[in-house]
Structure formats: C-alpha cells, structure tokens
Amino acid sequence: MFLNEQYVDSLYAKDADLERVKTVLAERGMPDISVAEGYGRLLTMLVRLKGADSVLEIGALGGYSGICLARGMGEEGKLVSLELLQHYADVAKANMEAAGLGGKVEYLVGDAKASLARLAAEGRKFDFFFIDADKEGYPVYLDYAMELAKPGALIVGDNIFLRGRTIDDAKQGPAVRAVRSFNERIATDERLLSTVIPGYDGLAIAIVK
Ligand SMILES: C[S@@+](CC[C@H](N)C(=O)[O-])C[C@H]1O[C@@H](n2cnc3c(N)ncnc32)[C@H](O)[C@@H]1O
Ligand SMILES: [Mg+2]
C-alpha cells in the first residue's frame with residue numbers, strides 16, 4: 001500500500017464489524033483479500049448515492065464488502081451474494097449477522113456463472129453490481145451485469161490492476177488477459193458511462209446508461 005493510502009486509512013477510526021471480518025479470516029486461514037478499506041467506504045457511499053435496494057455481489061469471501069454494500073442500502077434493501085465455496089458463504093453470513101445485517105443478504109453458493117445464468121433466466125434485475133470474484137471471469141461477469149442491470153445501474157469491478165500485472169506487458173496469463181479485456185470494455189462500451197480509480201489495486205466504476 002502506498003503512503004497516501006496508509007495516511008487516508010489512518011484518518012478513520014477502526015470499524016469493529018470490519019475488524020471482526022479480518023480477525024475471522026485470519027483465524028480460519030482464509031485469504032486476506034477483502035476490498036481495500038477506502039474502497040469499502042466508497043461502496044457504501046455509491047450504494048447510498050444510487051439509492052440501490054437490489055445489489056448483486058460476485059465473490060463474498062468473509063463478508064467485508066457485503067457489510068459495506070449492505071450498509072448503504074435502505075430499509076428494504078437486499079443483497080444477493082454469489083460465492084463458490086459453502087464454507088466461505090457460511091463465514092460471510094456469520095459476519096453479516098454479527099454486524100446486524102444478516103436479514104439483508106442471500107447467498108447463492110456455487111460457480112457464479114451458473115448462479116448468474118439462473119438469475120437471468122428468472123428475469124431478475126439489480127441496480128448495483130460489485131464484481132470481485134475470479135479474475136478470469138470478469139468479462140463474463142460484465143456481460144451478465146449488463147443483462148441483469150436496471151437502467152442507470154452501477155457496475156463496480158475491483159482489482160483491475162492485478163497488483164501491477166495488468167500493466168506489465170510480460171504478463172499474458174488468462175487472468176491478466178481477462179482483466180485487460182474487462183477494463184477496455186469498461187472504457188469503450190458506448191452503453192456505459194465510466195471511470196477507473198487508480199488507487200489501491202484499482203477500481204472500475206460504470207453506469208449503464
Ligand atoms: C477477492 S475475494 C472476494 C472479497 C470480497 N468481495 C470482499 O471484498 O470482502 C474472491 C471470492 O470469489 C470467490 N470465487 C472465486 N471463483 C468464483 C466463482 N467461479 N464463482 C463464485 N465465487 C468465486 C472466492 O471463493 C472468494 O471468496
Ligand atoms: Mg477485490
């Protein structure tokens with residue numbers, strides 16, 4: 001993390017619910033790959049600004065971003081969270097419950113692509129998407145987000161730099177190529193109004209026009 005990011009994080013008091021997530025992740029031997037603190041705060045703000053009451057998250061891990069997303073929703077807000085692993089979804093659910101947000105989230109466990117196909121077949125629509133699962137899947141997740149989007153929906157994608165691999169020409173693996181393609185589409189698709197924030201590991205934000 002850069003010094004300016006450390007400085008910004010140091011301005012904020014520690015958040016007990018989010019600290020609990022970090023502790024539980026460490027205790028369970030789960031990876032320390034939750035969304036960056038500053039982007040967690042931004043997710044809450046974007047959901048609030050959008051007035052989003054139907055939020056779809058792809059990649060739950062331990063519920064860190066789930067807490068941030070759910071905090072921005074109104075009374076009626078519902079978060080649908082897609083997670084490959086049952087035991088991760090169980091940890092995320094417990095952390096959401098400990099944060100008083102358990103009633104707002106539904107976990108769909110299994111490969112996100114299958115869950116997304118099911119949601120599409122059911123005609124479900126969402127007004128906010130947070131894409132943060134396997135990076136090879138990002139282009140497909142973007143396709144589904146656009147299919148499942150209400151007009152004016154927000155699509156947010158995390159880790160679009162892949163810790164520097166995205167901008168290193170020597171890196172040509174499948175995750176890198178998928179994220180480059182995702183980023184290029186975010187920037188050029190005429191159906192989107194977008195920007196990319198280059199702090200932390202990079203965050204793409206797009207509005208479906
Ligand atoms: C970076 S972590 C998510 C972090 C979480 N959004 C947060 O910020 O708190 C990525 C998650 O995606 C899940 N995942 C990986 N491949 C997946 C797939 N094909 N379908 C659904 N989830 C997947 C992983 O198990 C992991 O929990
Ligand atoms: Mg991430």
Side-chain angles (χ1 to χ4, degrees), residues 1 5 9 15 17-26 28-44 46-47 55-72 79-99 101 104-120 128-145 148 154-166 174-176 178-179 182-183 186 196-205:
M1 205 193 300
E5 293 159 357
D9 289 346
D15 180 305
D17 293 322
L18 298 177
E19 288 300 302
R20 185 187 309 110
V21 175
K22 297 264 176 176
T23 304
V24 171
L25 288 176
R28 301 291 178 97
M30 290 166 65
D32 180 17
I33 51 172
S34 304
V35 71
E37 281 185 39
Y39 287 162
R41 288 186 287 272
L42 182 61
L43 289 176
T44 304
L46 290 174
V47 171
V55 178
L56 181 68
E57 169 182 69
I58 308 176
L61 189 66
Y64 188 107
S65 56
I67 290 172
C68 298
L69 292 164
R71 280 178 174 169
L79 168 66
V80 175
S81 181
L82 313 185
E83 173 52 51
L84 182 63
L85 303 172
Q86 181 70 57
H87 61 291
Y88 283 13
D90 292 343
V91 169
K93 173 98 177 145
N95 283 325
M96 291 289 286
E97 279 167 0
L101 298 164
K104 289 183 172 290
V105 62
E106 175 190 6
Y107 289 96
L108 303 183
V109 177
D111 184 1
K113 292 180 195 78
S115 299
L116 288 161
R118 221 164 41 242
L119 291 168
F128 196 104
F129 300 83
F130 182 50
I131 299 173
D132 192 25
D134 56 302
K135 306 313 170 199
E136 290 88 338
Y138 270 36
V140 176
Y141 299 148
L142 181 57
D143 288 338
Y144 273 115
L148 300 174
L154 252 80
I155 301 173
V156 179
D158 196 21
N159 308 107
I160 58 93
F161 291 142
L162 295 172
R163 296 194 173 83
R165 284 184 292 147
T166 304
V176 175
V179 168
F182 174 89
N183 294 342
I186 286 283
V196 172
I197 305 186
Y200 300 98
D201 196 25
L203 195 76
I205 304 177

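Atoms within a ligand are numbered from 1 in the order they appear, just like the ligands themselves. Source: prediction; values computed, not measured.
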_Heavy-atom closest pair, residues Asp158 and Tyr138_ = O-OH, 2.7 Å
*Which of the numbered atoms in ligand 1 are below 4.0 angstrom from a heavy atom of Gly110?*
20 (N), 21 (C)
*asked:* Quick one: does any side-chain atom of Glu83 pair with a main-chain N or O of Ala89 as donor and acceptor, under 3.5 Å?
replied: no
_At under 4.0 Å between heavy atoms, is it the side chain or the backbone of Ala60 that contacts ligand 1, or both, or neither?_
backbone
*Hey, which of Leu56, Ile131, Leu148 is the one that makes side-chain contact (heavy atoms from CB on, under 4.5 Å) with Ile155?*
Ile131
_Which of the ligand 1 atoms, numbered from 1, are nearer than 4.0 Å to a heavy atom of Tyr64_ = 9 (O)
*Least distance between heavy atoms, Gly164 atom then Asp201 atom*: N-OD1, 4.5 Å
*Taking 4.0 angstrom as the limit, do Asp90 and Lys93 come out as a salt bridge?*
no
*asked:* Closer than 4.0 Å to some heavy atom of Gly59 - which atoms of ligand 1 meet that?
replied: 3 (C), 5 (C), 6 (N), 11 (C), 12 (O)
*What residue and heavy atom of the protein are closest to atom 7 (C) of ligand 1, and at what distance?*
Ser65 OG, 3.0 Å
*Within a distance under 4.0 Å of any heavy atom of Val35, pick out the atoms of ligand 1 and give their elements.*
7 (C), 8 (O)
*How far is atom 22 (N) of ligand 1 from its nearest protein heavy atom, and which residue and atom is that?*
Leu84 N, 3.1 Å
*For ligand 1, which part of Tyr141 has a heavy atom less than 4.0 Å away: the side chain, the backbone, both, or neither?*
side chain
*When you measure from the side chain of Thr44 to the backbone N and O of Arg71, does any donor-acceptor pair fall under 3.5 Å?*
no
*How close does the nearest protein non-hydrogen atom get to atom 20 (N) of ligand 1, and which residue and atom is it?*
Ala112 N, 2.8 Å
*asked:* Less than 4.0 angstrom from a charged side-chain N to a carboxylate O is my criterion; do Arg41 and Asp9 meet it?
replied: yes
*Minimum non-hydrogen distance to atom 4 (C) of ligand 1, winning option of Val140, Asp132, Asp134*: Asp132
*Which atoms of ligand 1 sit under 4.0 Å from any heavy atom of Ser34?*
7 (C), 8 (O), 9 (O)
*Is Glu57 reaching over with its side chain to a backbone N or O of Gly66, donor-acceptor style, under 3.5 angstrom?*
yes
_Polar side-chain atom of Tyr200 near backbone of Gly38 as donor-acceptor pair, under 3.5 Å_ = yes
*Number the atoms of ligand 1 from 1 as they appear, then name those within less than 4.0 Å of a heavy atom of Ile33, with their elements.*
1 (C), 2 (S), 4 (C)
*Per-atom contacts, ligand 1 versus Tyr88 - under 4.0 Å to a heavy atom*: 25 (O), 27 (O)
*asked:* On a heavy-atom basis, which atom in Tyr64 and which in Lys22 lie closest, and how many Å separate them?
replied: CE1-CE, 3.7 Å
_Suppose you place the vertex at the Mg ion (ligand 2); what is the angle out to Asp132 OD1 and Asn159 OD1, to 10°?_
90°
*Would you kindly say whether Tyr141 and Asp132 are connected by a side-chain donor-acceptor distance under 3.5 Å?*
no
*May I ask you to identify the nearest protein heavy atom to atom 13 (C) of ligand 1, giving residue, atom name and distance to one decimal place in Å?*
Glu83 OE1, 3.4 Å
*Would you mind listing which atoms of ligand 1 come within a distance below 4.0 Å of any non-hydrogen atom of Asp111?*
18 (C), 19 (N), 20 (N)
*Out of the N/O/S atoms in Asp158, what is the name of the one closest to the Mg ion (ligand 2)?*
OD2
